[in-house]
Amino acid sequence: MLLLTCPWCGPRDETEYHYGGQAHVPYPEDPDALSDEEWAENLFFRDNPAGPFAERWSHTAGCRRWFNVVRDTATYDVLEVYTGAAPAATQPGVAR
Amino acid sequence: MADLTTLRRSPLAHLTDRMAQASHGAVGLSETACTGMVSVRVSAESSAAERIATVLGAPLPAACGEVTSGEVTSAGDHHALWLGPDEWLVVTGTDPVALADQLEAAVGDDPGLVLDVSANRTVLELTGPKARNVLEKGCPVDLHPRAFGPGRAVSTTLARVPVLLWQTGEPTYRLLPRSSFADYVSRWVLDAMVEHTG
């Protein structure tokens, strides 16, 4: 069980949260110009690192806010919790 | 206009007797039916939030877990529970429709939302020296006195379903499940109480 610290509510069990997948996936700047294959890549293809990974979480059973977590997918260590669009540029494997 | 309050029916009316029978000794469960509740969404820094504080007789709570109480009239008092950085639930002993009108006037032209949500949740009161033991069987929040106590309320889960958990006194907790979950939550709590009430 992960213990995630919601930026607003403090530490809560993983069961109170909903997982939102990879963070900082930009919407295409010109969606009309994309081919079907490029659209599929944008929608369905995500990184799968063995190590630090920036992902989105929502505190569905609490304040219902979205935030970002940098989690080590190999050790399950929660390295950083932050809000907004600013990625934690210091973490390897996070910046896109 | 006809008095519509006579048409109100508690979502737990069918369990009133069972709750009364199961309540003795170290823990008891009862429903406070048809409690008035008003949802408030507004920016915490706005002037509308200040005007709302004037109506409620207390500022809106600023952080998770906090509850502010204001006694305005002899008809009853208001308690504002923190639900999110821009979202609160006002639990009131007064007429929720009148309070919602007052709060809506307080928001004025500022962006915000005030809505009477009294039928959204029901209020269960769990009390007795073993109340915390009962809740700890299915609540992920740390309810130990070092982390939680009277006058604190959090939105969390109990027995895997969302509830608002509000400790009002040393051995007294209020559970505010959605009406549709009320039957499940109260039956779960009744079952969890058995070992303490025999």
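Just so it is clear, the model here is predicted, and its values are computed rather than measured. What you see below is based on every heavy atom in this structure, not just the backbone, and it leaves out hydrogens, waters and symmetry mates. Proteins come first, then strands; the chains are lettered A, B, ... in the order of their sequence lines, and each starts at number 1.
Heavy atoms closer than 4.5 Å to chain A are found in both the backbone and the side chain of Pro140(B).
At distances below 3.5 Å, at least one donor-acceptor pair connects side-chain atoms of Ser23(B) with backbone N or O atoms of Leu29(B). Under a 3.5 Å cut-off, the side chain of Thr73(A) and the backbone N or O of Pro49(A) do form a donor-acceptor pair. A donor-acceptor contact shorter than 3.5 Å is absent between the side chain of Asp77(A) and the backbone of Leu79(A).
Ranked by non-hydrogen atom pairs under 4.5 Å with chain A, the options Thr156(B), Thr157(B), Leu83(B) are led by Thr156(B).
Salt bridge status for Asp183(B) with Arg187(B): present, with a side-chain N to carboxylate O gap under 4.0 Å.
Classification of the Tyr17(A)-His59(A) ring pair by plane angle, with boundaries at 30° and 60°, yields parallel.
The environment of His24(B) atom NE2 is dense: over 12 non-hydrogen atoms of other residues, nucleotides or ligands sit within 6.0 angstrom.
Among the residues in residues 95-122 of chain B, none has a non-hydrogen atom closer than 4.5 angstrom to a non-hydrogen atom of chain A.
Across Trp66(A), Phe67(A), Tyr19(A), a single residue satisfies ring pair (Phe, Tyr, Trp, His ring centres under 6.0 Å) together with Trp57(A), and that is Tyr19(A).
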